Structure formats: C-alpha cells, structure tokens
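Report on one structure; see the data block that follows.
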Amino acid sequence: MTVLDHSATPTPVWPPDAHGPRRDPAPLLPDAEPVRVLGTPAVKGLAPELLRDLYRRLVAGRRYNQQATTLTKQGRLAVYPASTGQEACQIAAATALRPTDWLFPSYRDTLAVVSRGVDPVEALTLLRGNAHSGYDPYEHRVAPLSTPLATQAPHAVGLAHAARLRGDATVALALVGDGGTSEGDFHEALNFAGVLNAPVVFLVQNNGYAISVPLSKQSAAPTLAHKAVGYGIHGRLVDGNDAAAMHNVLSEAVEHARSGLGPVLVEAVTYRLEAHTNADDAGRYRSAEEVAAWQQRDPLTLLESQLRDLGLLTDEDVSEAAAVAEALADHMRTMFHVKPELDPMSLFTHVYAEPTPQLREQAAQLAAELEAEAEAER
Amino acid sequence: MTVLDHSATPTPVWPPDAHGPRRDPAPLLPDAEPVRVLGTPAVKGLAPELLRDLYRRLVAGRRYNQQATTLTKQGRLAVYPASTGQEACQIAAATALRPTDWLFPSYRDTLAVVSRGVDPVEALTLLRGNAHSGYDPYEHRVAPLSTPLATQAPHAVGLAHAARLRGDATVALALVGDGGTSEGDFHEALNFAGVLNAPVVFLVQNNGYAISVPLSKQSAAPTLAHKAVGYGIHGRLVDGNDAAAMHNVLSEAVEHARSGLGPVLVEAVTYRLEAHTNADDAGRYRSAEEVAAWQQRDPLTLLESQLRDLGLLTDEDVSEAAAVAEALADHMRTMFHVKPELDPMSLFTHVYAEPTPQLREQAAQLAAELEAEAEAER
Amino acid sequence: MTTLAPTQPALTQSSMAQALNAALRDSLREDPSVHILGEDVGTLGGVFRITDGLTAEFGADRCLDTPLAEAGILGTAVGMAMYGLRPVVEMQFDAFAYPAFEQLVSHVAKMRNRTAGRMPLPITVRIPYGGGIGGVEHHSDSSEAYYVHTPGLHVVAPATVADAYGLLRSAIASDDPVVFLEPKRLYWSKDAWSPAAPAPIEPLGRAVVRRQGTSATLLTYGPSLPVCLEAAEAARAEGWDLAVVDLRSLVPFDDETVCAAVRATGRAIVVHESTGFAGVGAEIAARVTERCFHHLAAPVLRVTGFDIPYPPPMLERHHLPGVDRILDAVARLQWEQ
Amino acid sequence: MTTLAPTQPALTQSSMAQALNAALRDSLREDPSVHILGEDVGTLGGVFRITDGLTAEFGADRCLDTPLAEAGILGTAVGMAMYGLRPVVEMQFDAFAYPAFEQLVSHVAKMRNRTAGRMPLPITVRIPYGGGIGGVEHHSDSSEAYYVHTPGLHVVAPATVADAYGLLRSAIASDDPVVFLEPKRLYWSKDAWSPAAPAPIEPLGRAVVRRQGTSATLLTYGPSLPVCLEAAEAARAEGWDLAVVDLRSLVPFDDETVCAAVRATGRAIVVHESTGFAGVGAEIAARVTERCFHHLAAPVLRVTGFDIPYPPPMLERHHLPGVDRILDAVARLQWEQ
Ligand SMILES: Cc1ncc(C[n+]2csc(CCOP(=O)(O)OP(=O)(O)O)c2C)c(N)n1
Ligand SMILES: Cc1ncc(C[n+]2csc(CCOP(=O)(O)OP(=O)(O)O)c2C)c(N)n1
Ligand SMILES: [Mg+2]
Ligand SMILES: [Mg+2]
C-alpha cells in the first residue's frame, strides 16, 4: 500500500454528493484564546528541570541577540535581524525537535539555528557576508536560512514527504513570519502538506510587523491559525512569549505530525522588540508606548518570575545561566575578531558539480587578474 | 477619510494583546450543508418570472455548449472546454451582476461571458484561434478569458479596489475552478481582498476535477468555502446544480460586497459532465457510473421538474425556450461558417502603443515576405 | 568454438513521446530515488501522455499527481531532493512554468552554490515548449532564454527521438538541476529507434553536426532542427551547401564544435523559434563572433521569432522561422564581396 | 519698459533617491490617476526611502502599503489599470520581483496585444536592482535580461540624477508597461540638480553619448556608467580615447545612436553588471555586429558579471566589472592589425 493511498482519506462526512474528502472542520479550528501555561495551573504539569532548561536557553538566547547586535555596531556583521522578544519561539523550535528532524529557518531565525547546535559564527555567515551559508545543512539537519519569504515552506513539505516515503520518522518544521503568510508559496506549501498528509509543522511567528507593515494591513483573518482549516490541517494558537506554552504546543504539534495525524499550523503571538534590522528605524512606524507595553510581556521576565514564584530559581541558577550566556557571547566576540578566509576563486567552484567550459574560461580570467594584482602589490 | 482608514476595521475581539483586528470567525464560516432552493420551501420565495427566466437561460446555455462542441468536431473551433453540467453556475454569474459590474472569467467560462451579452463568436475567438480575445472588455465589462489559472483573481481585486477609490458601486466577480484554488495567486487575491475590503466576489466552481485530478488530490479542506475564514472574508457553500440557489447565493454575495460589508468566497458544488476539453479522454480517470450519478442531478432537469411541479411551465414555454436556444445555435453555425479575417501584419500593431524601431523593421520584413508570397501566387 | 552474437531487437519507428516515456520508465526502474511529480502525470499519464503507464507500473509514490500549483510542485521537489531523492518535475506547458520562476531562479539554480556543494539538487524540470501545434495563448512559449541566463541551471533541448531518450536519461542522472525543454511540435515525430535497444546515454554539453556543408553553417536546436535540415535541402537548388549543427545543450555550451563548424564555412546563421531580442541566438552570435571574428566573411545572422507575444494559432506560421526566411538570410550573407 | 527674467532656482546637489522621490511626487500631484503600491512604501517611505513622505502628503489611497505578496501587488495593479488608474509598483529588491514573474510576462506584457489595443496597462514597475551595496543573497541581482526578452515591456535604467527624474516621469506617463530599473548603488550618488527646477522629461528610447572618443566605444547603462566614465579617464594614460554611450532605454533600443557611435571608432565594448551569458550585452554585441560589421576592426567585446550566482558581499568586487577589467578588454581590441 502506498503512502498516498487516497482510499485512506477520511470518508466524506458531508454532503453525500460532494467531491473528495469533506472533513469535519471543528477539530481543525484554533481555540479562541492562545494557549498559555505560565501563570496558569498548567505550569504544574511541566517538569521543573524542563522549565529551568528553558530559562537557561532564554537567557543565552537574549545574550546572543545582544552580542549579534553589538557585532553589527562594530561592523563585524553586515546586518542583523534581531529576534529579541521572540526568543521563546526561537528556542522552542529547537527543543520541540529530535536530532533526526529538520528545521527550515527564515532569515530572522539564526537563534533557532544556534539553539539546534549550529555554531553562531556558521549560523551568522550569511549576515556576516563572507559566504551565502556557513553550515553544513546535513550536520544538524538545518536548511540554509531562507531570505525569499515563505519559499522554504514547500521545501519543508517536500522533505517531510520524502522522509515519509523512506519510512523515516522525520518531521520538518518550517518557520515563517506573519508577513510571509501572505506569499503564494505559503499557501501552496500548506495545501500540499494537507493533501500529502506530510509530517510537517508550520510555525508562524506573528510579531505584529512585516518591517513597517502591521498585521492589520497584512491580513484580515480572525487569527493566522484560522488559515489551517482551509487546507484541512490543524491550527493552533499560542502565546509566543510564554516559553512553556511554546514548548508544549510546538512539541505536541511535532508529535502529532510524526504520528501521521497530519500537518499542523501554529501561530505564535509575539513581538519584535528591536527594529526590523540594525538598518531599520522603527520609530517611523510604531510608538514607544507600544514597545513598552510588550516589554512588560518579555518572555525572559515572564519565565523568570514564574520560576521564582515556584521556588525553582535560585540566585545561583541565575548567575550560572548568565555565565553560560556570557561564554557564548565570548565565543562570538573572539570568533568574529578573526578575519574570515576569503577565496575569490571559490566563486566558480560550486555553481555546478563540474564547472562548465565557460566557467573555466572565466575562472582563468579572474585568476590572471588576481595574479596581476598580487604582482602590483609586490 | 480614506477608503483604507484602518481605524475603521473592527475593534479587536480577542485577545487584548494580539496584533491587528481579530475578528469573530463564526460568521465567516460556511453552513454545514450547501444552500439548496429547488425542492425546498425556499423556492416559494422566488418570483415565478425569475425561475422561468433562469429556465430559458439554462436551456439556451445547454444548447450553446452542444453547438460549441459540434463546432470542434467540424474543426471550426480549435478546442472547447465545455461547461455542460455547470450551466447553473455560468448563468448565475450573469444574472447576479449589474451591467456596471465586472466579470473575470476563466477559460471554461465562455457561457458566462455570452450570458453577459457578449456575442458567442467574440466569446469563442480565443478558442477558435484567429485572435487572442474577440471582444472589447469595456463593452460588457468582461475581462479577457484568463488561461493561466487564478491569475485573473488579483485583477478582479484591483479593479474592485479602483472602483471603490473612484466612489463607484461596482462589484467584480472572479470565476475560478477547484484546481485554481491551489495556485498562489488565488491566495494572494483573497488576502488582498480581505485587507482592502474590496467589493469582489470569488466564485469557485468545484466541478470535482482539474483535468484528471480529483478534488481529493487537490485539497484536504472540509470545503473550499472554508478557505474564506483564513482571509477574514465570508465563505458560502451552494449547490451549483440548483439554478435558483446559485442565483440567490451569488446575488446576495454580490450585494454584500457592494454594500461595503466585504468580499465573499462562494463554493458551488457542481460537476463537469463532459471531458475536460474535446481533446481529453475522461474515461482514463473517472467512471461511467460517476458521470451517470451526476446526470441525475442535471441542473436543467432539476429546474424543469421543479417548474412543472409548481405548474409554472407549459409545453409552450418549453418549445419557446427551445426555439430561442435554437436561434442562438443557428447564429453560431452561420457565423462560424464565415472564414475569419486574418491580417498577419496585425501581429505588430498592438505590442506597444507605438511600434518600436525594432518592430518596424520586423514588420517591414514580414510585409516583404507576404508581398513575395503574393507575387508567387500570381 | 563459436560465439553467439547478441540478438539485436529490430529498430522500429518510435515517436519522441515514446522515447521520453521510455527514458522515464528506465530511470524509475534503475534508480529507486527517481520520483516524478506534476499536474496530471499520474492517472492520466500527462496531457501529452509522456508519463503514460508509469503510475500503474511504479505506483503513485513514484509518479505523483500534485495539486495545481507550479511553485508548490517545484518547491516540493526541492525538499525531496534535499532528502536524497531525484525528482523529475513536469510543467504542463511552457508558460505555466512561470509561477515557479522564483523557486527555479532563487533556489533550484543556487542551492549547490549557496551551500558550497553540500546540498546539490539533482532535479530535472521537464517543460514541453515551443509552438507550431495550434495552441491557444500561453501554450506555445519558447522560454529558454530565461533559463540559459540563470547560472546554476543546465538547459537541454533534444531534437531527435534518440536524443530525447539519451539526453533525458543524462538529465535525470545529472547531479545538477536540468531544465529539459521538450519540443511539443516534435512529440509525434517518428524515427527508427527502439525502446528495447535504447541509444547510448548522451552526455550533456555536446553539440552535433547533423549535416556537413561548405557554404554556410546553420546553428539551431529543438523544434527548429527539422526546419533547418529542410532549408539545407532546399538551398542546394540555389547552389548553397549548408552545414547544420544541432546544439542539443544550451548550457553548457559546446563552443568547440560550434566554432569549428563556423570557421569551416566562414558564414553562420542562428535559427530558433523564440523571440530574438536577447534570445539564445544573441548569445550565440556574440560568442561566435568573439571567437571566430577573422574567419567570418559576413556577420552572424539570426532567424528567430519576432519580438512579439506568441501569435494566435491561425497566425503562428507567420511568426515561426520557416525555410524561406532561412534562405532569405542565407542570401544576405554577402556572397558578392 | 523692462522685462524681468524669471528667477531660476539654483541647482543644488541632489541624490538620485531625491530625484526619484520628486518624480513620484510630481506625478501624484499632476495626475490623480497615479497610485503607488508596494511593500513598506507608505508609512516607512520604502526601505530606500524613495516614497518618503508621499503617504503623508497624498494619503494611503495614493501610496499604499500592501500585504507581502509580489504577484498579488502586480496583479492588483493590473486590475487597477484596467479601471483607468496608473499604478506605480515598487518591488522591494530585484530578486523579490520573481514571484510576480507570471503576472508580468503573461499579463502585464501581453494585455494590450491580447485585446488588440483596447486594454492597455499603463503600469510602472520600479525595481531597485544591481549590486555593489554589500547586500546579502537575493539583494543584488541584475535581472534586466529577463525583462528585455519579454515583448510588450519597456525596460529603462537611469544612470544619472537628472535621468532618474526625467525617465521616471516618462515611464509613469507611458501608456505601456515600463520596467524601471533603479541602480541601488547610485541611489545616494549626487549631482547638480534641483527638484524645484526639474530637468525636462526625457522621452523613452533614446541613448545619449556621455563622452566623445575616437579609439573605441563603451556601451553601457545604469550602475556601470560611472565605472565606464572612470575607465575612460584612466584609459587616457594608456593613450586610448574612449567614447561612452549611456543606453538609458534597453527596450526600445536606440540602434541609431549606438551604431553611429560604434562606426565612429570601429571598436566597441559592452559593459554591464549582470551575468553575461544571454545577457543584454549579447543582444547589443549581436545587433551592432549585424549592423556595423564592415566598420568593425575587432569583435564587439563584453565586460560583464561572471556566469555565477551573485556573490556574497565580501567577494562581490571580484564579480563586478571594474575599471581594470574594462581596460583589459580595451587592450584586447586587436590594435596591432
Ligand atoms: C519574497 C520576498 N519579498 C520581500 C522580501 C523583503 N523583506 C525582507 S523581510 C520582510 C518582512 C518580513 O516580515 P515577516 O514575514 O513578518 O517576518 P519578520 O521580519 O517579522 O520576522 C520583507 C518584506 C523578501 N525577503 N522576500
Ligand atoms: C498556471 C496554470 N497551470 C496549468 C494550467 C493547465 N491547465 C489548464 S486547465 C487545468 C485544470 C483546471 O482545473 P480547474 O481549476 O478545476 O478548472 P476546470 O477545468 O475544472 O474548469 C490545467 C492544469 C493552466 N492553464 N494554468
Ligand atoms: Mg513579522
Ligand atoms: Mg475543476
């Protein structure tokens, strides 16, 4: 029997003469309220060690964002789109996955990439500017950062489908922004996922803005999670600043997909505390009040105060977490002070498996120019 | 105040800290059952004259499809995608609109175009092959038939938006197939429509197939109408073979949009009784039983028997309608026996407002070739 | 002791469509990582029947009917290739590959380079292309120039039944993405060729001289090859002995074969269906001139489609480069000097 | 009786960005049917600030922040144009125009022709293009070849502050669709020009000789013009007197000016940033050779970007045609014979 045996699709519930599987929409719709765990009885359901781990990751994540921002000020990074304020989403994208799963990040998701185990310098290579991508996608099963928005979503579907064909228990997680949901590729990916019943999860980090464009100009949907029903997949809504809720909902979604129950679309409601990138002037399109209001819901402070309430966090833990974070920052500082190796001739090496005769000629031309340059310098 | 004053968007119902307008999804979701009028008490609500008009249009529509099919057999049409079985959808697309409204048809919708007043020969020009489009879009406010699927949907949104900016009460109706809903352009159009609150209606004729691909391989959605909620617009589901229901639902949708209440997505459940086109072999992908089952729900017989039950249809009416239909067929036969005027030089006339110097040279070359040809024939 | 000669199956007349179908079947059979996906490629066997019978033989997982969304199809193929599969995508018609343009240009063409060779994408994108079949708007585009201008893509266009098989096998076997342009117009053209004894797999990147000649050299590919051969025949009456080169592969380009053929005659004409302005013919004329300047007795001329949207069926014959237009160009090759 | 001379506002130093902004402002002011739409063009004024202040002055209906979907933006513009408006679309970066490729090629370029002139689409598609700004992947593409090969589109690329104003005004005023390529790299380049006394509106389709010369002719456009002028200066030291032609409009193409300039020197080099293979330079080299063959002492050479995906920022200088590469080409123009 094939993976795509359509006789396996749910028998029509409605109406008798309609075409294809007509599923019951009810279970696909998100709850009216976003899932929250911190500050609710549900928090008792989580292992203290998990909560403390999330805390340490959040602290490191915040420090990572600060250090990367500093590196741009020093001109060591060409540009940096900070995920400050979205760290709970970023780390959940790592904690919810198994090593054998795949992550499909967008350009803002380097923290998720690092949380998955990729070295920060490799994760930031694209933004540093010495190469298009710094890491081996197969080492940690992380696709290259995707800059064209939502174009990585169909890749995640294809990879998940391929894994299923191979009989592997792999799940693909695609990260998209609220703005990215407007792209045709987002639609086509979710539709393919639904039809193929591919083990893929789409996490939309709804941080309220696409550069300067607020969600109200991006979509009129009740919530972005409501888009799921249009593809026959499950939609979940979660508080993106609640690290515990993020971990729970995303883990459930991933296991739901893994168990063959179908793809899931998760909307995480969060906020981009920094400007779009260091090159952006957020003051042009949003108020200080708005930012301040969201600072009150900082994912880090939310978790920290919860842990303290539960008596799960000592001052020792705090300084310990800070130390780990500082070590990460140190590593970044040192590594970025090393000038990257640059080989102009590498421009021709990987265009094709074998350079074409045309590329060989062009490579020879550049080689000669470099030789002449070197001559001149001697 | 501008048309796009976003303060006018509904105030957030949920949750306080979420971004943008968070509408109540309930009113956007389609009913569980498709709207039906024929054979229900609701039929009493329709004016007898309307029902009889719909009948006459259906009879003519069916005859139109037969004649066009005959013309392909005679080689007078290059190809014809019949709307046989979908006539109720096609004529409703005309009866639901005002003359000032706009229709954006897909390649299968020539009957809707003709029902709107375009001469059949002009409507069929694309499929005849003597020109790309045979009618003046501005005469009956009908956009050229769109072959690239769903690409006309954003055009409808743009035109509706422009009309609104101009303060006109114009509504745009875009016709898309079930297969077309999978295209990115469909998604982007509905999203723009929702955000711009444009007076546009999308009618999806779900005839169960995209050439050979059944809906079950096209979408896993509960219904295609459920896609609406993902764009914050209203979704309606209707029996596409019920001419009265089609007219009612589509008219309501059009007036809903006209009154500024927002766009509507209507899914009409119908069936393509003929092959995809005369060039297609439907036997390769669907059973005779399936076709026979749908023949039982032929929109024409459904309406006719209803009218007879209501005593609204005399044998005279029937032969009268048949006569009108036959006149249409006659007109098509005669007109298509006239060889179309062909001017090779017209290839260069409308590429730009003014031919470029390059096109002038090329036109001169063709002119010389034609002159030589003529010479040779003398 | 006697050796038995292996029995050679007789070469029957086969169509290009049959050869392509055989190439797909043999690829699916020999390599389990090959997967076909596209619109109507399964149950129906494709609108041109190129995938006829493949789902029946290999199952829906190997030859998949997808939803109607070209970017989704190609994007899904990218993900499948990332996981080690070897997807073969069918775009139903040339103009319907445009929705996938971003996936093709920004990902398919660039992934290997982006990842320094770590993530190659062995994807074949089959595109039935070109006119001359009486197709309505959007069904007759020649879009090769868009693809050849995009580094990272191989672009191939067979013109014979045997090449259709041999080049498609190589395209699928290639570790780089290949845009495989199938001349619709030649789908039903037949040739002595048998799927039972398929031609050797043709390596990509090699042009072939289809006709030797001394007066001038016609450079062409795909649907225009038969037209050029016909023109060469007709030219004999006028006392011209024309060589005809079938490029087969546009990227990589076979400068060696092409320049040798042009130097031999000192005169050249590029012939293709697509719009001329910044078309493939422009590149060929430019590079041949750069390389053979002092061998040229006349400028390299181009006989191409006009710079207009593809015409409606009843007018297409005026747009397509025909024998007469080619002969007119030959006459303009400055024989007097 | 005395007549007063009208007071001429002094020509201050203005950037190309300011000139483009002025062109948009003046168009919005003079023609109520002009509407701007795109990503971040409203409140933010565009990521390059080209639409700065326009929403504030004319309202969101005239300068609209759209959802993030390029096909939707261009498709919506098509519908607006159908209703008599004159949309000006901003694509945020070159590579992000690719999702709109189908709308551009299958509708924007073809609607007038499809409807026999009844439904023209006066749409201007502004695309910040090219490299040299240290942009990461997808932010430095030179995609002009895709557009010039598509009949029905005008393709324009200004290289000076005054032309940026004059050509954009003409593009918006044109009843045909115009792909307006803005050299990002020159956005902040300044010139003596004042929005208060804007240059006369430049008609489309005319090239201009920026520098007279006798040894050889450089043919270029957009971001490569300053490089060519610099190269021409440097060439004097080597005893070469180079002419420089700024094409400005790629479609329509100004054969007259170009051929005259090439015949005058007998040697020509085309310079552009984009990939060379089947690029605009191929067309120019081919057509100039067709038209000026016997005036040429050497083949028309091309100095272009390599046939590779655009490099990462730290390596882009090796890809971009620079002064040295141009001078090397000049040296290869066979001066000995
Ligand atoms: C196809 C495409 N169009 C435009 C852009 C330019 N761009 C880069 S980021 C961005 C906004 C993205 O917003 P969102 O998806 O919400 O992600 P966020 O930046 O909030 O993380 C835009 C328009 C792009 N990268 N890709
Ligand atoms: C963008 C695009 N891709 C592919 C095609 C080829 N094609 C023509 S009709 C068709 C099926 C359309 O199915 P549907 O949308 O359900 O409309 P129907 O034919 O049922 O009326 C396909 C795939 C096309 N016309 N446009
Ligand atoms: Mg966002
Ligand atoms: Mg259908």
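Residue numbering restarts at 1 for every chain, and letters A, B, ... go by the order of the sequence lines. All values derive from a computational prediction rather than experimental measurement.
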Handout entry: Side-chain donor or acceptor of D:Asp65 paired with backbone N/O of A:Val213 under 3.5 Å
Key = no
Practice task
Show the numbers, then the answer: is there a side chain to side chain contact (heavy atoms under 4.5 Å, CB included) between D:Arg325 and A:Leu366?
Solution key: CA-CA 9 Å; D:Arg325 203 168 284 164; A:Leu366 179 58; 3.9 Å; yes
Problem - Contact summary for D:Val136 and A:Leu126, nearest pair of heavy atoms - result: CG1-O, 3.4 Å
Problem - Working for side chain to side chain contact (heavy atoms under 4.5 Å, CB included), residues A:Arg128 and D:Met314 - result: CA-CA 9 Å; A:Arg128 187 182 198 181; D:Met314 292 186 186; 4.1 Å; yes
Handout entry: Heavy-atom pairs under 4.5 Å with chain D, option from A:Glu373, A:Gln365, A:Glu369 with the top count
Key = A:Glu369
Completion exercise
Shortest non-hydrogen pair, A:Lys217 vs D:Pro67, comes out as O-CG, 3.5 Å
Practice task
Answer whether the closest heavy-atom distance between the side chains of A:His276 and D:Asp40 falls below 4.5 Å.
Solution key: no
Fill in the blank from the handout: dist A:Glu183:CD -> D:Leu68:CG (nearest 0.5 Å) comes out at 5.5 Å
Exercise for the section: Decide side chain to side chain contact (heavy atoms under 4.5 Å, CB included) for D:Asp307 and A:Gln362; before the verdict, give the C-alpha distance in whole Å, the side-chain angles of both, and the deciding distance to 0.1 Å. Expected result: CA-CA 8 Å; D:Asp307 295 328; A:Gln362 294 170 30; 2.7 Å; yes
Exercise for the section: Identify which part of A:Ser346 has an atom lying under 4.5 Å from any heavy atom of chain D, answering side chain, backbone, both or neither. Expected result: side chain
Problem - Pairs of heavy atoms under 4.5 Å with chain D: top-ranked of A:Asp280, A:Leu127, A:Leu359, A:Thr125 - result: A:Leu359
Exercise for the section: Using a cut-off of under 4.5 Å on heavy-atom pairs, state which of A:Ala363, A:Ser212, A:Ala372 scores highest against chain D. Expected result: A:Ser212
Practice task
To the nearest 0.5 angstrom, please state how far the CZ atom of D:Arg49 sits from the CG atom of A:Asp281.
Solution key: 6.5 Å
Handout entry: Segment of A:Asp343 engaging chain D (4.5 angstrom heavy-atom cut-off)
Key = backbone
Problem - Separation between NE2 of D:His319 and CZ of A:Phe348, rounded to the nearest 0.5 Å - result: 9.0 Å
Completion exercise
Distance col, row D:Phe306:CZ vs A:Leu347:CG, nearest 0.5 angstrom, shows 8.0 Å
Practice task
Hey, could you give me the CG/CG distance between D:Leu315 and A:Asn130, rounded to the nearest 0.5 Å?
Solution key: 8.0 Å
Practice task
Using a cut-off of under 4.5 Å on heavy-atom pairs, state which of A:Leu370, A:Leu342, A:Thr181 scores highest against chain D.
Solution key: A:Leu342
Practice task
Select all residues of residues 145-152 of chain A having any heavy atom within less than 4.5 Å of some heavy atom of chain D, and report them by number, or 'none'.
Solution key: A:Thr147, A:Pro148, A:Leu149
Problem - Contacting region of A:Ile211 [heavy-atom separation from chain D under 4.5 Å] - result: both
Practice task
To the nearest 0.5 angstrom, please state how far the NE2 atom of A:His132 sits from the OH atom of D:Tyr310.
Solution key: 10.0 Å
